[in-house]
Amino acid sequence: MKLSVPGRVTATAVVATASLLVGGSIAGAAPAPAVAAAPDIPVADVKAHLTQLQSIATANGGNRAHGRAGYKASLDYVKAKLDAAGYTTAIQQFTSSGRTGYNLIADWPGGDTNQVVMAGSHLDSVTSGAGINDNGSGSAAVLETALAVSRANHQPTKHLRFAWWGAEELGLVGSRHYVNNLSSANRAKISGYLNFDMIGSPNPGYFVYDDDPAIEKTFKDYFTGLGVPTEIETEGDGRSDHAPFKSAGVPVGGLFTGASRAKTAAQAAKWGGTSGRAFDRCYHSSCDTTSNINDTALDRNSDAIAHAVWELSS
């Protein structure tokens with residue numbers, strides 16, 4: 001997640017409300033088949049990706065920041081996994097702060113391309129550390145969800161697209177570049193964009209974006225089923241890659257486990273952890289390594305991502 005900039009204008013727009021259509025059966029016709037449930041996302045597999053991102057950072061000056069070798073190596077790692085799983089991948093290049101940046105876009109073949117469900121995360125870190133929670137956590141979970149789609153040979157009604165953004169830490173540069181370079185017709189085809197930026201904070205909260213009612217309900221219902229209470233996400237509002245989509249009128253949603261804000265006593269009573277301590281004491285610091293992850297939060301949020309991808313694309 002990028003640093004808050006004083007005076008920065010938060011992206012606002014009238015957001016189209018996504019509606020979930022429940023199909024009724026026509027008299028005399030067979031009922032529509034039930035939508036297959038999303039598979040469990042093994043947290044060990046998500047953590048294996050984080051281990052790889054940590055190794056990449058360690059081998060490249062300790063970070064995976066925009067314009068640095070660690071970022072490109074991270075992108076190459078994710079792309080190789082997706083290519084092997086049958087995705088159609090594309091690298092989108094841009095320039096920021098005098099350095100070349102890259103977005104990675106992966107499309108799963110099939111589905112109605114006039115109704116696109118996207119899930120994304122930023123892949124870059126700050127220069128001060130490996131960025132394993134911010135945002136290796138979101139990147140790894142989105143990757144493993146995409147791989148689960150391939151393993152299940154999931155054939156949703158809507159078209160699935162996954163994205164990993166560059167230069168988020170410099171001001172949402174990669175995602176803004178992507179959205180700005182879409183035609184108005186192609187923007188209108190995106191029925192929802194789901195954003196995941198920090199989902200494994202070591203002193204976690206469970207926050208859900210409240211931008212689009214249908215997407216919000218999908219996530220909240222999932223956590224209700226786990227018996228995990230949620231709160232509306234406010235700390236990172238407008239500070240991550242959903243903002244350019246929201247500005248363009250695309251329905252957005254997402255999950256977050258907290259950054260530098262301190263957990264309250266009420267939140268600690270609800271979720272566990274330590275009150276008065278930041279959700280992530282290593283936010284934008286050198287200690288944001290593989291030891292800076294709460295496995296339970298990472299597991300729950302990874303499964304929630306898969307649930308939303310299956311539900312919203314059906």
Practice task
Kindly indicate whether the side chain of Leu298, heavy atoms from C-beta on, has any atom under 4.5 Å from the side chain of Ile199.
Solution key: yes
Practice task
Using distance alone, with no hydrogens and no angle criterion, decide if Ser139 and Ser121 have a side-chain donor and acceptor under 3.5 Å apart.
Solution key: yes
Exercise for the section: Flag the pair Trp271 / Glu231 as yes when at least one side-chain heavy-atom distance between them is below 4.5 Å, and no otherwise. Expected result: yes
Problem - Separation between NE2 of His242 and OG of Ser240, rounded to the nearest 0.5 Å - result: 6.5 Å
Exercise for the section: Verify whether one side chain among Arg261 and Thr234 offers a donor that lies under 3.5 Å from an acceptor in the other. Expected result: yes
Completion exercise
Minimal heavy-atom distance between Asp134 and His122, with the atoms involved, is OD1-NE2, 3.0 Å
Handout entry: Worked verdict on Asp107 versus His159 for side chain to side chain donor-acceptor pair (under 3.5 Å)
Key = CA-CA 8 Å; Asp107 284 87; His159 182 75; 2.6 Å; yes
Fill in the blank from the handout: So CG of Leu123 and CH2 of Trp164: to nearest 0.5 Å the spacing works out to 9.0 Å
Problem - Criterion salt bridge (charged side-chain N to carboxylate O under 4.0 Å, His left out) against Glu144, the qualifying member of Arg151, Lys47, Lys81 - result: Arg151
Practice task
If you link ILVMFWY side chains whenever their heavy atoms are less than 4.5 Å apart, which other residues fall into the same cluster as Leu170? By chain and number, please.
Solution key: Phe94, Val173
Problem - Approximate separation, where rounding is to 0.5 Å, of Asn292 CG and Asn133 CG - result: 5.5 Å
Practice task
Quick one: do Tyr209 and Phe256 satisfy ring pair (Phe, Tyr, Trp, His ring centres under 6.0 Å)? Show the steps, please.
Solution key: CA-CA 8 Å; Tyr209 295 14; Phe256 179 56; 7.6 Å; no
Problem - Transitive ILVMFWY side-chain link Val126 to Leu172, under 4.5 Å - result: no
Practice task
With sequence neighbours excluded, tell me which residues meet side chain to side chain donor-acceptor pair (under 3.5 Å) with Tyr222.
Solution key: none
Problem - Lys158 and Leu312, any side-chain heavy atoms less than 4.5 Å apart - result: no
Handout entry: Donor on one side chain, acceptor on other, Asn103 and His177, under 3.5 Å
Key = no
